[in-house]
Amino acid sequence: MDWMAWTLPTAIFFMVIAALLVTFTVLAIKFPETPRKGILRIETTRGDRLFITLLGSAFINLIWLGLEVGPQPYALLACLVYAAAVFRWV
Amino acid sequence: MQKTVNQKAWFLVLPVLVLVAFSAVIPLMTVVNYSVQDTFGNNQFFWNGIGWFKDLLDSERMWDALRRQFVFSAIILAIEIPLGVFVALNMPKKGVWVSVCLVLMSLPLLIPWNVVGTIWQIFGRVDIGLLGYTLDKLGISYNYTQDFFAAWATLIVMDVWHWTSLVALLAYAGLQSIPDAYYQAAKIDQASRWKVFRYIELPKMAGVLMIAILLRFMDSFMIYTEPFVVTGGGPGNATTFLSIDLVKMALGQFDLGPAAAFSIMYFLVILLISWVFYTVMTNLDKRDGPR
(Lines give C-alpha, C1' and ligand atoms only; values in the text may rest on other atoms or scores of the structure.)
Protein backbone atom coordinates (compact mmCIF):
# COMPACT_ATOMS: atom_id res chain seq x y z
CA MET A 1 0.00 0.00 0.00
CA ASP A 2 3.06 2.21 0.07
CA TRP A 3 2.55 3.54 -3.43
CA MET A 4 -0.78 5.06 -2.39
CA ALA A 5 0.93 7.03 0.39
CA TRP A 6 -1.62 6.20 3.07
CA THR A 7 -0.94 7.77 6.45
CA LEU A 8 -1.99 6.74 9.92
CA PRO A 9 -4.16 9.84 10.60
CA THR A 10 -6.14 9.30 7.39
CA ALA A 11 -6.54 5.64 8.29
CA ILE A 12 -7.82 6.55 11.77
CA PHE A 13 -10.19 9.13 10.27
CA PHE A 14 -11.75 6.59 7.93
CA MET A 15 -11.84 3.86 10.55
CA VAL A 16 -13.81 6.13 12.87
CA ILE A 17 -16.25 6.95 10.09
CA ALA A 18 -16.57 3.28 9.13
CA ALA A 19 -17.08 2.30 12.77
CA LEU A 20 -19.80 4.94 13.15
CA LEU A 21 -21.57 3.70 10.02
CA VAL A 22 -21.41 0.08 11.14
CA THR A 23 -22.61 0.98 14.66
CA PHE A 24 -25.56 2.93 13.36
CA THR A 25 -26.45 0.20 10.86
CA VAL A 26 -26.46 -2.39 13.62
CA LEU A 27 -28.47 -0.05 15.85
CA ALA A 28 -31.00 0.53 13.08
CA ILE A 29 -31.45 -3.23 12.60
CA LYS A 30 -31.55 -4.14 16.30
CA PHE A 31 -33.66 -1.23 17.49
CA PRO A 32 -35.84 0.02 14.64
CA GLU A 33 -37.31 3.46 15.30
CA THR A 34 -39.92 5.76 13.87
CA PRO A 35 -38.71 9.12 12.52
CA ARG A 36 -39.34 12.11 14.76
CA LYS A 37 -39.64 15.84 14.22
CA GLY A 38 -37.26 18.19 16.00
CA ILE A 39 -36.41 21.87 15.95
CA LEU A 40 -35.63 21.80 12.23
CA ARG A 41 -39.25 20.70 11.62
CA ILE A 42 -38.03 17.83 9.45
CA GLU A 43 -38.44 14.14 10.05
CA THR A 44 -35.16 12.52 11.06
CA THR A 45 -34.01 9.06 11.99
CA ARG A 46 -30.84 8.22 13.89
CA GLY A 47 -28.96 7.87 10.59
CA ASP A 48 -30.14 11.29 9.41
CA ARG A 49 -28.93 12.82 12.64
CA LEU A 50 -25.55 11.13 12.19
CA PHE A 51 -25.32 12.61 8.70
CA ILE A 52 -26.21 16.09 9.98
CA THR A 53 -23.63 15.67 12.72
CA LEU A 54 -20.82 14.58 10.39
CA LEU A 55 -21.53 17.24 7.77
CA GLY A 56 -21.86 19.93 10.42
CA SER A 57 -18.65 18.77 12.10
CA ALA A 58 -16.76 19.18 8.84
CA PHE A 59 -17.94 22.79 8.64
CA ILE A 60 -17.24 23.40 12.33
CA ASN A 61 -13.66 22.26 11.74
CA LEU A 62 -13.30 24.53 8.71
CA ILE A 63 -14.76 27.53 10.56
CA TRP A 64 -12.55 26.79 13.58
CA LEU A 65 -9.51 26.75 11.31
CA GLY A 66 -10.53 29.74 9.21
CA LEU A 67 -11.31 32.03 12.15
CA GLU A 68 -8.29 30.77 14.13
CA VAL A 69 -10.40 30.04 17.18
CA GLY A 70 -7.72 27.90 18.80
CA PRO A 71 -5.70 24.72 18.38
CA GLN A 72 -7.44 22.44 15.89
CA PRO A 73 -7.95 19.38 18.15
CA TYR A 74 -10.26 21.47 20.36
CA ALA A 75 -12.60 21.82 17.42
CA LEU A 76 -13.50 18.19 18.05
CA LEU A 77 -14.89 19.22 21.45
CA ALA A 78 -17.14 21.75 19.72
CA CYS A 79 -18.17 18.94 17.34
CA LEU A 80 -19.07 16.71 20.30
CA VAL A 81 -21.25 19.43 21.81
CA TYR A 82 -22.82 19.94 18.39
CA ALA A 83 -23.40 16.18 18.03
CA ALA A 84 -25.07 16.00 21.42
CA ALA A 85 -27.31 18.93 20.49
CA VAL A 86 -28.23 17.35 17.16
CA PHE A 87 -29.09 14.00 18.73
CA ARG A 88 -31.09 15.65 21.49
CA TRP A 89 -33.08 18.29 19.63
CA VAL A 90 -33.05 17.76 15.86
CA MET B 1 -46.25 -23.68 4.10
CA GLN B 2 -43.41 -22.60 6.28
CA LYS B 3 -41.59 -19.57 4.88
CA THR B 4 -37.85 -20.03 5.07
CA VAL B 5 -35.60 -17.12 5.87
CA ASN B 6 -32.52 -17.02 3.70
CA GLN B 7 -30.37 -13.94 3.51
CA LYS B 8 -27.72 -15.43 1.27
CA ALA B 9 -28.98 -13.44 -1.70
CA TRP B 10 -27.26 -10.42 -0.18
CA PHE B 11 -23.97 -11.89 -1.37
CA LEU B 12 -25.15 -11.22 -4.93
CA VAL B 13 -24.74 -7.51 -4.20
CA LEU B 14 -21.12 -8.03 -3.32
CA PRO B 15 -19.66 -7.47 -6.83
CA VAL B 16 -21.37 -4.09 -7.01
CA LEU B 17 -19.97 -3.13 -3.64
CA VAL B 18 -16.48 -4.08 -4.72
CA LEU B 19 -16.88 -2.17 -7.98
CA VAL B 20 -18.16 0.97 -6.25
CA ALA B 21 -15.39 0.77 -3.67
CA PHE B 22 -12.80 0.43 -6.41
CA SER B 23 -14.14 3.19 -8.65
CA ALA B 24 -15.57 5.70 -6.18
CA VAL B 25 -15.01 5.16 -2.48
CA ILE B 26 -11.26 4.49 -2.50
CA PRO B 27 -10.47 7.32 -4.98
CA LEU B 28 -12.45 9.67 -2.73
CA MET B 29 -10.47 8.44 0.26
CA THR B 30 -7.28 9.07 -1.72
CA VAL B 31 -8.31 12.70 -2.12
CA VAL B 32 -8.67 13.03 1.65
CA ASN B 33 -5.30 11.32 2.05
CA TYR B 34 -3.58 13.72 -0.38
CA SER B 35 -5.12 16.76 1.28
CA VAL B 36 -2.92 16.32 4.36
CA GLN B 37 0.31 15.69 2.45
CA ASP B 38 2.70 17.44 0.09
CA THR B 39 4.49 15.96 -2.89
CA PHE B 40 7.24 17.06 -5.23
CA GLY B 41 6.61 14.26 -7.70
CA ASN B 42 8.32 10.86 -7.80
CA ASN B 43 5.47 9.64 -5.64
CA GLN B 44 7.19 10.92 -2.51
CA PHE B 45 4.81 12.34 0.03
CA PHE B 46 5.42 14.47 3.11
CA TRP B 47 3.06 15.03 5.99
CA ASN B 48 1.57 18.53 6.01
CA GLY B 49 -1.32 18.21 8.46
CA ILE B 50 -4.00 20.86 8.08
CA GLY B 51 -1.62 23.24 6.30
CA TRP B 52 -3.38 23.10 2.94
CA PHE B 53 -6.75 23.74 4.51
CA LYS B 54 -5.33 26.76 6.30
CA ASP B 55 -3.85 28.07 3.03
CA LEU B 56 -7.13 27.40 1.26
CA LEU B 57 -9.22 29.33 3.78
CA ASP B 58 -6.78 32.25 3.59
CA SER B 59 -6.68 32.22 -0.20
CA GLU B 60 -8.35 35.12 -1.99
CA ARG B 61 -8.30 33.04 -5.16
CA MET B 62 -10.55 30.34 -3.71
CA TRP B 63 -13.05 32.77 -2.18
CA ASP B 64 -13.25 34.69 -5.47
CA ALA B 65 -13.89 31.50 -7.43
CA LEU B 66 -16.51 30.41 -4.88
CA ARG B 67 -18.25 33.78 -5.07
CA ARG B 68 -18.25 33.70 -8.89
CA GLN B 69 -19.63 30.18 -8.78
CA PHE B 70 -22.55 31.13 -6.50
CA VAL B 71 -23.34 34.21 -8.59
CA PHE B 72 -23.31 32.14 -11.77
CA SER B 73 -25.57 29.42 -10.34
CA ALA B 74 -27.96 32.00 -8.87
CA ILE B 75 -28.25 33.88 -12.17
CA ILE B 76 -28.87 30.84 -14.32
CA LEU B 77 -31.41 29.43 -11.82
CA ALA B 78 -33.21 32.80 -11.70
CA ILE B 79 -33.48 32.76 -15.50
CA GLU B 80 -33.95 29.09 -16.36
CA ILE B 81 -36.59 28.12 -13.81
CA PRO B 82 -39.18 30.85 -14.58
CA LEU B 83 -38.41 30.66 -18.29
CA GLY B 84 -38.75 26.87 -18.31
CA VAL B 85 -42.09 27.08 -16.49
CA PHE B 86 -43.27 29.77 -18.90
CA VAL B 87 -42.32 27.63 -21.91
CA ALA B 88 -44.02 24.57 -20.40
CA LEU B 89 -47.23 26.54 -19.76
CA ASN B 90 -47.32 27.58 -23.40
CA MET B 91 -46.60 24.20 -24.90
CA PRO B 92 -49.56 22.48 -26.59
CA LYS B 93 -51.27 19.88 -24.38
CA LYS B 94 -52.49 17.55 -27.13
CA GLY B 95 -52.24 17.05 -30.88
CA VAL B 96 -49.40 16.57 -33.33
CA TRP B 97 -47.55 19.65 -32.13
CA VAL B 98 -46.81 17.98 -28.81
CA SER B 99 -44.28 15.63 -30.40
CA VAL B 100 -42.78 18.41 -32.51
CA CYS B 101 -42.29 20.57 -29.43
CA LEU B 102 -40.86 17.74 -27.37
CA VAL B 103 -38.31 16.82 -30.04
CA LEU B 104 -37.30 20.43 -30.58
CA MET B 105 -36.99 21.00 -26.84
CA SER B 106 -34.83 17.96 -26.27
CA LEU B 107 -32.39 18.77 -29.09
CA PRO B 108 -30.09 21.05 -27.05
CA LEU B 109 -29.99 18.45 -24.28
CA LEU B 110 -28.51 15.91 -26.68
CA ILE B 111 -25.52 18.03 -27.67
CA PRO B 112 -22.29 17.23 -25.81
CA TRP B 113 -20.95 19.97 -23.56
CA ASN B 114 -17.78 20.68 -25.48
CA VAL B 115 -19.74 20.90 -28.74
CA VAL B 116 -22.07 23.47 -27.13
CA GLY B 117 -18.97 25.33 -26.01
CA THR B 118 -17.49 25.23 -29.50
CA ILE B 119 -20.76 26.35 -31.10
CA TRP B 120 -20.90 29.41 -28.86
CA GLN B 121 -17.20 30.06 -29.11
CA ILE B 122 -17.55 30.45 -32.87
CA PHE B 123 -21.05 32.00 -32.75
CA GLY B 124 -19.73 34.84 -30.58
CA ARG B 125 -16.59 35.62 -32.57
CA VAL B 126 -16.55 39.08 -34.10
CA ASP B 127 -14.73 38.00 -37.28
CA ILE B 128 -16.57 34.84 -38.33
CA GLY B 129 -19.39 34.29 -35.80
CA LEU B 130 -22.98 35.23 -36.61
CA LEU B 131 -23.74 36.73 -33.18
CA GLY B 132 -20.44 38.53 -32.74
CA TYR B 133 -20.46 39.88 -36.30
CA THR B 134 -24.05 41.11 -36.06
CA LEU B 135 -23.52 42.83 -32.71
CA ASP B 136 -20.35 44.41 -34.01
CA LYS B 137 -22.12 45.74 -37.13
CA LEU B 138 -24.91 47.11 -34.92
CA GLY B 139 -22.25 49.12 -33.16
CA ILE B 140 -22.44 47.18 -29.89
CA SER B 141 -19.02 46.50 -28.42
CA TYR B 142 -18.90 42.77 -27.79
CA ASN B 143 -15.77 40.73 -27.24
CA TYR B 144 -16.02 37.82 -24.85
CA THR B 145 -12.28 37.27 -24.75
CA GLN B 146 -11.55 40.75 -23.42
CA ASP B 147 -14.68 42.16 -21.89
CA PHE B 148 -15.84 40.98 -18.47
CA PHE B 149 -19.52 41.64 -19.12
CA ALA B 150 -19.50 40.03 -22.57
CA ALA B 151 -17.82 36.90 -21.21
CA TRP B 152 -20.39 36.49 -18.44
CA ALA B 153 -23.31 37.27 -20.75
CA THR B 154 -22.09 34.70 -23.27
CA LEU B 155 -21.74 31.97 -20.65
CA ILE B 156 -25.14 32.71 -19.10
CA VAL B 157 -26.97 32.85 -22.43
CA MET B 158 -25.20 29.66 -23.48
CA ASP B 159 -26.27 27.84 -20.33
CA VAL B 160 -29.83 29.09 -20.73
CA TRP B 161 -29.77 27.95 -24.34
CA HIS B 162 -28.47 24.54 -23.34
CA TRP B 163 -30.52 23.73 -20.25
CA THR B 164 -33.79 25.66 -20.14
CA SER B 165 -35.48 22.88 -22.07
CA LEU B 166 -34.66 20.44 -19.28
CA VAL B 167 -36.62 22.62 -16.85
CA ALA B 168 -39.37 23.06 -19.43
CA LEU B 169 -39.68 19.32 -20.05
CA LEU B 170 -39.81 18.53 -16.34
CA ALA B 171 -42.37 21.27 -15.71
CA TYR B 172 -44.37 20.03 -18.71
CA ALA B 173 -44.42 16.52 -17.26
CA GLY B 174 -45.71 18.00 -14.00
CA LEU B 175 -48.42 19.93 -15.83
CA GLN B 176 -49.54 16.90 -17.83
CA SER B 177 -50.23 15.00 -14.63
CA ILE B 178 -52.93 17.47 -13.49
CA PRO B 179 -56.39 15.99 -14.09
CA ASP B 180 -58.85 18.06 -16.17
CA ALA B 181 -61.26 18.15 -13.24
CA TYR B 182 -59.09 20.73 -11.48
CA TYR B 183 -59.28 23.12 -14.43
CA GLN B 184 -63.03 22.56 -14.74
CA ALA B 185 -63.52 23.37 -11.09
CA ALA B 186 -61.43 26.50 -11.51
CA LYS B 187 -63.54 27.52 -14.50
CA ILE B 188 -66.76 27.08 -12.53
CA ASP B 189 -65.30 29.28 -9.81
CA GLN B 190 -64.27 31.79 -12.48
CA ALA B 191 -60.69 31.72 -11.30
CA SER B 192 -58.34 34.07 -13.11
CA ARG B 193 -55.40 32.74 -15.14
CA TRP B 194 -53.02 33.80 -12.37
CA LYS B 195 -55.04 32.02 -9.68
CA VAL B 196 -55.14 28.83 -11.77
CA PHE B 197 -51.37 29.01 -11.99
CA ARG B 198 -50.84 29.92 -8.34
CA TYR B 199 -53.24 27.43 -6.71
CA ILE B 200 -53.42 24.54 -9.18
CA GLU B 201 -50.46 24.40 -11.52
CA LEU B 202 -47.67 25.61 -9.26
CA PRO B 203 -48.44 23.30 -6.30
CA LYS B 204 -48.75 20.35 -8.66
CA MET B 205 -45.44 21.22 -10.30
CA ALA B 206 -43.62 21.84 -7.02
CA GLY B 207 -42.14 18.34 -6.83
CA VAL B 208 -40.67 18.23 -10.33
CA LEU B 209 -39.60 21.87 -10.06
CA MET B 210 -37.56 21.05 -6.97
CA ILE B 211 -35.88 18.26 -8.94
CA ALA B 212 -35.24 20.71 -11.78
CA ILE B 213 -33.74 23.25 -9.38
CA LEU B 214 -31.58 20.59 -7.75
CA LEU B 215 -30.32 19.26 -11.08
CA ARG B 216 -29.64 22.69 -12.52
CA PHE B 217 -27.97 23.86 -9.34
CA MET B 218 -25.62 20.88 -9.17
CA ASP B 219 -24.82 20.97 -12.87
CA SER B 220 -24.14 24.70 -12.91
CA PHE B 221 -22.16 24.50 -9.70
CA MET B 222 -19.89 21.89 -11.24
CA ILE B 223 -19.77 23.47 -14.72
CA TYR B 224 -16.42 23.02 -16.41
CA THR B 225 -16.40 22.19 -20.11
CA GLU B 226 -18.42 25.04 -21.55
CA PRO B 227 -16.62 27.98 -19.89
CA PHE B 228 -13.33 26.17 -20.45
CA VAL B 229 -13.99 25.95 -24.19
CA VAL B 230 -15.49 29.42 -24.59
CA THR B 231 -13.46 31.68 -22.31
CA GLY B 232 -10.89 29.39 -20.70
CA GLY B 233 -11.64 31.16 -17.42
CA GLY B 234 -10.82 34.60 -18.78
CA PRO B 235 -10.62 37.48 -19.34
CA GLY B 236 -8.18 37.47 -16.45
CA ASN B 237 -9.97 35.32 -13.92
CA ALA B 238 -13.42 36.73 -14.64
CA THR B 239 -15.03 33.38 -15.47
CA THR B 240 -12.73 31.08 -13.51
CA PHE B 241 -15.30 28.99 -11.70
CA LEU B 242 -14.48 26.46 -9.01
CA SER B 243 -13.89 23.45 -11.24
CA ILE B 244 -11.76 25.44 -13.70
CA ASP B 245 -9.64 26.72 -10.84
CA LEU B 246 -9.41 23.22 -9.40
CA VAL B 247 -8.20 21.66 -12.64
CA LYS B 248 -5.64 24.45 -13.08
CA MET B 249 -4.37 23.71 -9.60
CA ALA B 250 -4.38 19.91 -9.78
CA LEU B 251 -3.22 19.29 -13.34
CA GLY B 252 -1.73 22.60 -14.48
CA GLN B 253 0.42 23.20 -11.42
CA PHE B 254 0.39 19.62 -10.11
CA ASP B 255 -0.33 20.90 -6.60
CA LEU B 256 -2.01 17.71 -5.46
CA GLY B 257 -2.26 18.66 -1.78
CA PRO B 258 -3.91 22.08 -2.19
CA ALA B 259 -6.11 20.70 -4.97
CA ALA B 260 -7.24 17.85 -2.73
CA ALA B 261 -8.09 20.27 0.10
CA PHE B 262 -9.94 22.41 -2.46
CA SER B 263 -11.88 19.35 -3.71
CA ILE B 264 -12.97 18.44 -0.20
CA MET B 265 -14.27 21.93 0.45
CA TYR B 266 -16.04 21.91 -2.94
CA PHE B 267 -17.55 18.52 -2.14
CA LEU B 268 -18.74 19.69 1.29
CA VAL B 269 -20.45 22.75 -0.15
CA ILE B 270 -22.23 20.68 -2.80
CA LEU B 271 -23.17 18.04 -0.24
CA LEU B 272 -24.62 20.66 2.13
CA ILE B 273 -26.68 22.45 -0.50
CA SER B 274 -27.90 19.22 -2.08
CA TRP B 275 -28.92 17.93 1.34
CA VAL B 276 -30.87 21.11 2.04
CA PHE B 277 -32.62 20.87 -1.33
CA TYR B 278 -33.36 17.19 -0.85
CA THR B 279 -34.72 17.70 2.65
CA VAL B 280 -36.94 20.56 1.57
CA MET B 281 -38.13 18.50 -1.37
CA THR B 282 -39.06 15.38 0.59
CA ASN B 283 -40.74 17.44 3.29
CA LEU B 284 -42.77 19.32 0.70
CA ASP B 285 -43.93 15.99 -0.69
CA LYS B 286 -44.98 14.83 2.76
CA ARG B 287 -46.86 18.04 3.46
CA ASP B 288 -48.75 17.83 0.17
CA GLY B 289 -49.52 14.15 0.54
CA PRO B 290 -52.55 12.68 2.31
CA ARG B 291 -52.65 13.44 5.99
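Here is the naming used below: chain letters follow the sequence lines, and residue numbers restart at 1 for every chain. Both backbone and side-chain heavy atoms feed into the values below; hydrogens, waters and symmetry mates do not.
At least one side-chain heavy atom of Met4(A) sits less than 4.5 Å from a side-chain heavy atom of Thr30(B). Between Ile52(A) and Trp275(B) there is a side-chain heavy-atom pair separated by less than 4.5 Å. Between Phe14(A) and Val32(B) the shortest side-chain heavy-atom distance falls below 4.5 Å.
With hydrogens and angles disregarded, a donor-acceptor distance shorter than 3.5 Å links the side chain of Gln37(B) to the backbone of Ala5(A). Under the 3.5 Å distance criterion, the side-chain polar atoms of Asn33(B) are left unmatched by any main-chain donor or acceptor of Ala11(A).
Within the model, atoms CD1 of Ile50(B) and CG of Leu65(A) stand 4.5 Å from one another, a figure rounded to the nearest 0.5 Å. Leu8(A) contributes atom CG, which lies 8.5 Å from atom CH2 of Trp47(B) (distance to the nearest 0.5 angstrom). Once rounded to the nearest 0.5 Å, the distance linking OH of Tyr34(B) with CH2 of Trp6(A) reads 8.5 Å. Here the OG1-CG distance, from Thr279(B) to Leu40(A), works out to 9.0 Å after rounding to the nearest 0.5 Å.
Closest approach of Leu271(B) and Phe51(A) over heavy atoms only: CG-CZ, 4.1 Å.
Residue Phe46(B) qualifies as enclosed at atom CZ: its count of foreign heavy atoms under 6.0 Å is above 12. Around atom OH of Tyr266(B), more than 12 heavy atoms belonging to other residues, nucleotides or ligands sit under 6.0 Å away. Environment of NZ in Lys54(B): crowded, with over 12 heavy atoms of neighbouring residues, nucleotides or ligands closer than 6.0 Å. Counted within 6.0 Å of CZ on Phe197(B), heavy atoms from surrounding residues, nucleotides or ligands total more than 12; the atom is thus considered enclosed.
Residue Glu68(A) touches chain B through its side chain alone, counting heavy-atom pairs closer than 4.5 Å. Contact annotation for Leu55(A): only side-chain heavy atoms (C-beta onward) come within less than 4.5 Å of a heavy atom of chain B.
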